[in-house]
Amino acid sequence: MNTRLTLLVSAALLSAVGCISVKTESEIKPIHITMDVNLKVDKELDKAFAEENMKQPKGNFSAVKSLLDRKVAGVSNKALLEARAGATDDDKITIAEANARKLKRMNEIAKSSGVALEAVQQRSAKKFQAKIPAGSGVWIQDESGTWSQK
(Lines give C-alpha, C1' and ligand atoms only; values in the text may rest on other atoms or scores of the structure.)
Protein backbone atom coordinates (compact mmCIF):
# COMPACT_ATOMS: atom_id res chain seq x y z
CA MET A 1 0.00 0.00 0.00
CA ASN A 2 2.91 2.31 0.71
CA THR A 3 4.15 1.80 -2.82
CA ARG A 4 0.77 2.68 -4.25
CA LEU A 5 0.52 5.73 -2.03
CA THR A 6 4.03 6.83 -2.97
CA LEU A 7 3.23 6.42 -6.67
CA LEU A 8 -0.04 8.29 -6.27
CA VAL A 9 1.62 11.17 -4.40
CA SER A 10 4.48 11.28 -6.93
CA ALA A 11 2.02 11.37 -9.83
CA ALA A 12 0.08 14.18 -8.14
CA LEU A 13 3.26 16.20 -7.59
CA LEU A 14 4.43 15.71 -11.19
CA SER A 15 1.09 16.81 -12.59
CA ALA A 16 1.07 19.86 -10.30
CA VAL A 17 4.56 20.86 -11.54
CA GLY A 18 3.32 20.67 -15.13
CA CYS A 19 0.59 23.21 -14.36
CA ILE A 20 2.93 25.91 -13.13
CA SER A 21 3.07 28.83 -15.56
CA VAL A 22 5.39 31.76 -15.66
CA LYS A 23 4.18 34.99 -17.18
CA THR A 24 6.66 37.55 -18.43
CA GLU A 25 5.85 41.01 -19.65
CA SER A 26 8.01 43.29 -21.73
CA GLU A 27 7.37 46.76 -22.97
CA ILE A 28 8.28 47.68 -26.52
CA LYS A 29 8.91 51.38 -26.87
CA PRO A 30 8.67 52.93 -30.33
CA ILE A 31 11.74 54.54 -31.82
CA HIS A 32 11.03 57.92 -33.37
CA ILE A 33 13.34 59.27 -36.03
CA THR A 34 12.93 63.02 -36.01
CA MET A 35 15.10 63.89 -38.98
CA ASP A 36 14.47 62.98 -42.57
CA VAL A 37 17.86 62.66 -44.25
CA ASN A 38 16.56 63.64 -47.69
CA LEU A 39 15.16 66.90 -46.36
CA LYS A 40 18.44 67.69 -44.63
CA VAL A 41 20.42 66.97 -47.81
CA ASP A 42 18.01 69.10 -49.86
CA LYS A 43 18.36 72.03 -47.45
CA GLU A 44 22.13 71.76 -47.48
CA LEU A 45 22.16 71.60 -51.30
CA ASP A 46 19.89 74.65 -51.55
CA LYS A 47 22.13 76.58 -49.20
CA ALA A 48 25.40 75.47 -50.80
CA PHE A 49 24.31 76.08 -54.38
CA ALA A 50 22.08 79.13 -53.98
CA GLU A 51 24.04 80.90 -56.73
CA GLU A 52 22.91 78.30 -59.29
CA ASN A 53 20.16 80.46 -60.66
CA MET A 54 19.72 80.34 -64.42
CA LYS A 55 17.87 83.69 -64.48
CA GLN A 56 20.15 85.60 -62.11
CA PRO A 57 23.48 83.77 -61.83
CA LYS A 58 25.83 84.89 -59.06
CA GLY A 59 29.53 84.46 -58.41
CA ASN A 60 31.26 81.58 -60.15
CA PHE A 61 27.98 80.35 -61.57
CA SER A 62 28.01 83.18 -64.14
CA ALA A 63 30.86 81.42 -65.96
CA VAL A 64 29.07 78.07 -65.70
CA LYS A 65 25.86 79.57 -67.09
CA SER A 66 27.84 80.95 -70.01
CA LEU A 67 29.17 77.44 -70.78
CA LEU A 68 25.67 75.96 -70.56
CA ASP A 69 24.17 78.71 -72.72
CA ARG A 70 26.85 78.20 -75.36
CA LYS A 71 26.16 74.43 -75.14
CA VAL A 72 29.85 73.60 -74.70
CA ALA A 73 29.09 71.96 -71.33
CA GLY A 74 26.31 69.77 -70.04
CA VAL A 75 25.08 68.75 -66.59
CA SER A 76 25.77 65.10 -65.78
CA ASN A 77 23.59 62.82 -63.67
CA LYS A 78 26.18 63.34 -60.91
CA ALA A 79 25.61 67.12 -60.94
CA LEU A 80 28.97 67.83 -62.52
CA LEU A 81 29.74 69.60 -65.77
CA GLU A 82 30.97 67.70 -68.78
CA ALA A 83 32.63 69.28 -71.78
CA ARG A 84 30.64 69.00 -75.00
CA ALA A 85 31.64 69.51 -78.62
CA GLY A 86 33.17 72.92 -79.23
CA ALA A 87 34.58 73.39 -75.71
CA THR A 88 37.90 75.23 -75.79
CA ASP A 89 40.83 74.57 -73.48
CA ASP A 90 39.78 77.60 -71.40
CA ASP A 91 36.25 76.18 -71.20
CA LYS A 92 37.65 72.85 -69.99
CA ILE A 93 39.67 74.63 -67.30
CA THR A 94 36.52 76.48 -66.15
CA ILE A 95 34.63 73.16 -66.11
CA ALA A 96 37.35 71.48 -64.04
CA GLU A 97 37.44 74.36 -61.54
CA ALA A 98 33.64 74.44 -61.21
CA ASN A 99 33.53 70.66 -60.75
CA ALA A 100 36.26 70.77 -58.08
CA ARG A 101 34.33 73.41 -56.10
CA LYS A 102 31.03 71.57 -56.45
CA LEU A 103 32.50 68.16 -55.63
CA LYS A 104 34.14 69.58 -52.51
CA ARG A 105 30.81 71.02 -51.32
CA MET A 106 28.93 67.80 -52.12
CA ASN A 107 31.53 65.80 -50.15
CA GLU A 108 31.03 68.11 -47.18
CA ILE A 109 27.25 67.69 -47.39
CA ALA A 110 27.56 63.91 -47.65
CA LYS A 111 29.87 63.78 -44.63
CA SER A 112 27.75 66.08 -42.45
CA SER A 113 24.53 64.27 -43.43
CA GLY A 114 25.94 60.78 -43.06
CA VAL A 115 24.97 59.69 -46.56
CA ALA A 116 26.96 58.45 -49.53
CA LEU A 117 28.43 61.00 -51.94
CA GLU A 118 26.57 59.32 -54.82
CA ALA A 119 23.22 59.99 -53.11
CA VAL A 120 24.10 63.68 -52.71
CA GLN A 121 25.22 63.85 -56.35
CA GLN A 122 21.98 62.31 -57.61
CA ARG A 123 19.81 64.66 -55.55
CA SER A 124 21.94 67.63 -56.58
CA ALA A 125 21.69 66.68 -60.28
CA LYS A 126 17.89 66.47 -60.09
CA LYS A 127 17.65 69.81 -58.31
CA PHE A 128 20.08 71.50 -60.70
CA GLN A 129 18.42 70.09 -63.81
CA ALA A 130 15.01 71.19 -62.51
CA LYS A 131 16.31 74.80 -62.43
CA ILE A 132 17.12 74.69 -66.15
CA PRO A 133 14.25 76.17 -68.17
CA ALA A 134 12.57 73.96 -70.75
CA GLY A 135 13.52 74.88 -74.30
CA SER A 136 16.88 76.30 -73.24
CA GLY A 137 18.80 73.65 -75.17
CA VAL A 138 21.07 72.91 -72.20
CA TRP A 139 22.57 69.42 -72.32
CA ILE A 140 21.52 67.17 -69.43
CA GLN A 141 22.22 63.53 -68.66
CA ASP A 142 19.42 61.36 -67.26
CA GLU A 143 19.80 58.65 -64.62
CA SER A 144 20.53 56.00 -67.27
CA GLY A 145 23.38 58.07 -68.74
CA THR A 146 21.59 59.28 -71.89
CA TRP A 147 22.28 62.86 -72.96
CA SER A 148 19.53 65.13 -74.30
CA GLN A 149 18.80 68.82 -74.58
CA LYS A 150 16.23 70.38 -72.31
Side-chain angles (χ1 to χ4, degrees), residues 11-150:
L13 285 173
L14 286 173
S15 63
V17 170
C19 293
I20 295 175
S21 66
V22 178
K23 186 177 181 183
T24 60
E25 291 185 31
S26 62
E27 183 179 339
I28 299 174
K29 296 181 180 180
I31 299 172
H32 295 284
I33 298 174
T34 57
M35 182 172 55
D36 183 354
V37 174
N38 287 337
L39 290 176
K40 182 178 180 183
V41 169
D42 283 349
K43 280 184 180 181
E44 292 294 321
L45 288 170
D46 288 342
K47 192 183 336 174
F49 303 114
E51 78 276 1
E52 289 182 348
N53 184 328
M54 294 297 284
K55 292 181 182 173
Q56 294 179 327
K58 300 175 196 166
N60 295 322
F61 189 68
S62 295
V64 170
K65 183 178 183 312
S66 171
L67 296 170
L68 296 173
D69 288 345
R70 292 182 11 240
K71 296 164 190 51
V72 295
V75 181
S76 77
N77 57 11
K78 298 206 183 290
L80 299 174
L81 297 175
E82 279 197 33
R84 305 288 303 169
T88 66
D89 288 342
D90 287 340
D91 293 336
K92 291 175 185 175
I93 290 170
T94 303
I95 290 168
E97 290 170 347
N99 283 343
R101 281 190 303 274
K102 190 157 190 173
L103 195 55
K104 180 181 177 192
R105 287 195 233 157
M106 288 190 292
N107 268 312
E108 291 167 356
I109 292 169
K111 186 176 179 182
S112 70
S113 302
V115 298
L117 173 61
E118 293 78 21
V120 174
Q121 287 179 304
Q122 289 171 352
R123 292 195 73 76
S124 182
K126 286 181 183 178
K127 292 179 81 57
F128 186 24
Q129 291 176 2
K131 294 177 184 179
I132 299 170
S136 64
V138 172
W139 286 98
I140 59 172
Q141 185 183 38
D142 65 18
E143 291 175 4
S144 68
T146 305
W147 285 92
S148 62
Q149 287 182 291
K150 187 166 182 181

- Item | Donor-acceptor contact below 3.5 Å, side chain K150 vs main chain Q129 | yes
- Message: Are the side chains of K102 and L81 in contact, using a 4.5 Å heavy-atom criterion?
- Response: no
- Is it the case that more than 12 heavy atoms not belonging to K131 sit under 6.0 Å from its NZ atom? yes
- Message: Between K78 and Q141, is the side-chain contact (heavy atoms from CB on, under 4.5 Å) condition met? List the steps.
- Response: CA-CA 9 Å; K78 298 206 183 290; Q141 185 183 38; 5.9 Å; no
- Query: Which heavy atom in I95 sits nearest to a heavy atom in A73, and how many Å separate them?
  - Reply: CD1-CB, 3.8 Å
- All heavy atoms of S76 vs all of A125, minimum pair found to be O-CB, 3.7 Å
- Message: Just to verify, what does F49 make a ring pair (Phe, Tyr, Trp, His ring centres under 6.0 Å) with, not counting sequence neighbours?
- Response: none
- For T94 and A63 the tightest heavy-atom approach is CG2-CB, 4.0 Å
- Which heavy atom in F128 sits nearest to a heavy atom in L68, and how many Å separate them? CZ-CD1, 3.9 Å
- Message: Less than 4.5 Å apart, side chain to side chain, heavy atoms only: is that true for V115 and K40?
- Response: no
- Can you tell me how far the NZ atom of K126 sits from the CD1 atom of I140, to the nearest 0.5 Å? 12.5 Å
- Item | E51 bridged to R105 by N-O distance under 4.0 Å | yes
- Taking side chain as C-beta onward, heavy atoms only, is L103 less than 4.5 Å from M106? yes
- Query: Taking atom types as modelled and ignoring hydrogens, do the side chains of T88 and D90 form a donor-acceptor contact shorter than 3.5 angstrom?
  - Reply: no
- Query: What closest approach, in Å, do A87 and A83 show between heavy atoms, and which atom pair accounts for it?
  - Reply: CB-CB, 4.0 Å
- Backbone N/O of D142 and side chain of T146: donor-acceptor pair under 3.5 Å: no
- Just by distance, do the side chain of S113 and the backbone of I109 share a donor-acceptor pair under 3.5 Å? yes
- From R84, R70, K71, residue fulfilling salt bridge (charged side-chain N to carboxylate O under 4.0 Å, His left out) relative to D91: R70
- Decide side-chain contact (heavy atoms from CB on, under 4.5 Å) for V64 and E52; before the verdict, give the C-alpha distance in whole Å, the side-chain angles of both, and the deciding distance to 0.1 Å. CA-CA 9 Å; V64 170; E52 289 182 348; over 6 Å; no
- Query: How long is the gap from CG on N60 to CZ on R101, to the nearest 0.5 Å?
  - Reply: 3.5 Å
- Query: Measuring from N107:CG to S112:OG, what's the distance to the nearest 0.5 Å?
  - Reply: 10.5 Å
- Any salt bridge between E44 and K47, counting N to O under 4.0 Å? yes
